[in-house]
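Here's the structure we're looking at; comments come further down.
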Amino acid sequence: FTAYPVTTWGALARSGYLTGDQEGIYAMVGAYGADPTLQDVDNHGTNFSFDFDFGANIMGEIGYKHDWVQNTTGNPGKIAVGGWWFTGPFPKFNGGPANGAGGFFYFIHQNLYNEASGEAPSRERLTRRDLWGNSDNVLDSVQGLFFFSTGQFASNLEVSQADWFVSNGFYYRGLIPGRDQDVLSIGCAYLSFGDNWAQSQIRRGQLPQDYEMELELSYRFVVTDYFYVQPNIQGVINPQANGSLPDALVLGLQMQVDF
């Protein structure tokens, strides 16, 4: 699907059903071209063609949002599950082609503590953009403690190097008085490689990959409405996932400027 700087043809449809003034169920489905040659430097300019030999990337998601209204004093959250499928051919680790590859995913984003003063939230019905769109601007307006969790699970381990990935963590927006938009976060990510991929590495005389885990602590310091600085410290356990490197401690710095 489209990811800078490469674009591709695609279509997206989404809808939903309100189950209350501040909650509802939504669903989305999309299909995008999966032509890897689009990233070649010679393929530029306007191009209206679509190469069906490479197949398409089809994905869908269904989720539930609650307390989804600006200035809510409740605990807004979102939970979603979905899946994806690439219809094109993929080489198997043991030889031969596989007709497609895909998997499943889930996503949880939940406010656990809201610093709101206790005033009654607006009872106006949600706009379609708030409820059915991808924007999490409702959560971005809440100060307090949040939990997040996401996971991906491959369905065809004959072609997928990793069989599953999970990331979990907590963050607090506005923990320090007077720094309402600063964010303190801590998280853990774990990537597991499949047995089929490991066996193919052994046959090629390579060290088999098993897992890699990362722990991260960061603090986002919001300088202005359009600029922030975010230092972080990371602990990488089993780098390269094959035991060839010692665990590593990484210091990082991220900055963002919005135009």
Side-chain angles (χ1 to χ4, degrees), residues 14 16-26 28 61-82 105-151 166-190 213-235 250-259:
R14 61 191 180 194
Y17 177 74
L18 286 169
T19 58
D21 288 344
Q22 302 177 32
E23 59 189 17
I25 300 172
Y26 72 92
M28 299 187 293
E61 176 181 318
I62 184 170
Y64 172 70
K65 297 179 179 180
H66 64 91
D67 290 297
W68 208 262
V69 65
Q70 292 288 350
N71 303 318
T72 178
T73 57
N75 300 108
K78 169 185 174 182
I79 182 171
V81 294
F105 66 88
Y106 77 88
F107 179 81
I108 301 172
H109 196 175
Q110 177 63 50
N111 173 248
L112 303 178
Y113 171 67
N114 188 345
E115 291 185 1
S117 62
E119 298 176 358
S122 170
R123 300 300 296 178
E124 66 184 26
R125 297 181 69 83
L126 301 173
T127 65
R128 290 189 176 185
R129 179 182 179 185
D130 285 333
L131 189 56
W132 316 136
N134 295 319
S135 174
D136 284 344
N137 59 341
V138 170
L139 300 182
D140 293 340
S141 66
V142 174
Q143 296 181 43
L145 178 64
F146 290 82
F147 167 75
F148 66 88
S149 178
T150 183
V166 172
S167 176
N168 303 288
F170 297 88
Y171 70 90
Y172 200 111
R173 178 180 291 109
L175 180 62
I176 299 177
R179 303 296 311 171
D180 294 345
Q181 293 303 311
D182 288 3
V183 179
L184 174 67
S185 61
I186 184 172
C188 174
Y190 188 98
M213 184 168 65
E214 179 181 329
L215 306 173
E216 180 173 343
L217 175 67
S218 71
Y219 187 86
R220 176 178 296 184
F221 181 81
V222 178
V223 182
T224 69
D225 291 339
Y226 55 86
F227 174 59
Y228 73 75
V229 178
Q230 184 172 345
N232 63 78
I233 181 171
Q234 305 171 28
V250 181
L251 301 179
L253 178 65
Q254 176 181 335
M255 294 183 292
Q256 178 170 311
V257 181
D258 296 325
F259 296 95

Side chain to side chain, [X] and [Y], heavy atoms closer than 4.5 Å:
X      : Y      : result
Phe227 : Met255 : yes
Arg14  : Tyr26  : no
Gln256 : Tyr226 : no
Leu184 : Tyr171 : no
His109 : Leu139 : yes
Pro76  : His66  : no
Ile62  : Ile25  : yes
Ile176 : Tyr219 : yes

Say you draw a straight line from [atom1] of [X] to [atom2] of [Y]; how long is it, rounded to the nearest 0.5 Å?
X      : Y      : atom1 : atom2 : result
Asn111 : Phe147 : CG    : CZ    : 13.0 Å
Arg220 : Gln230 : CZ    : CD    : 4.5 Å
Glu216 : Ser185 : CD    : OG    : 6.5 Å
Ile79  : Ile108 : CD1   : CD1   : 4.5 Å
Leu215 : Ile186 : CG    : CD1   : 7.5 Å

Geometric cation-pi criterion Lys78 and Tyr64, 6.0 Å radius, 45° cone: no
Does Asp182 have any salt bridge (charged side-chain N to carboxylate O under 4.0 Å, His left out) partners at least two apart in sequence or in another chain, and if so, which? Arg179
Near Asp258 CG, under 6.0 Å, is it more than 12 heavy atoms from other residues, nucleotides or ligands? yes
Would you please say whether a donor-acceptor pair under 3.5 Å links the side chains of Tyr190 and Glu214? no
Check whether the side chains of Thr150 and Ser167 place a donor and an acceptor atom closer than 3.5 Å, and report yes or no. no
Residues which pass side-chain contact (heavy atoms from CB on, under 4.5 Å) with Leu145, listed by chain and number, not counting sequence neighbours: Leu112, Tyr113, Phe170, Tyr172
Does the salt bridge (charged side-chain N to carboxylate O under 4.0 Å, His left out) test come out yes or no for Arg173 and Asp140, once each step is laid out? CA-CA 9 Å; Arg173 178 180 291 109; Asp140 293 340; 3.6 Å; yes
Is the backbone N or O of [Y] less than 3.5 Å from a side-chain atom of [X], with the two atoms forming a donor-acceptor pair by type?
X      : Y      : value
Asn168 : Cys188 : no
Asn232 : Gln254 : no
Gln110 : Asn75  : yes

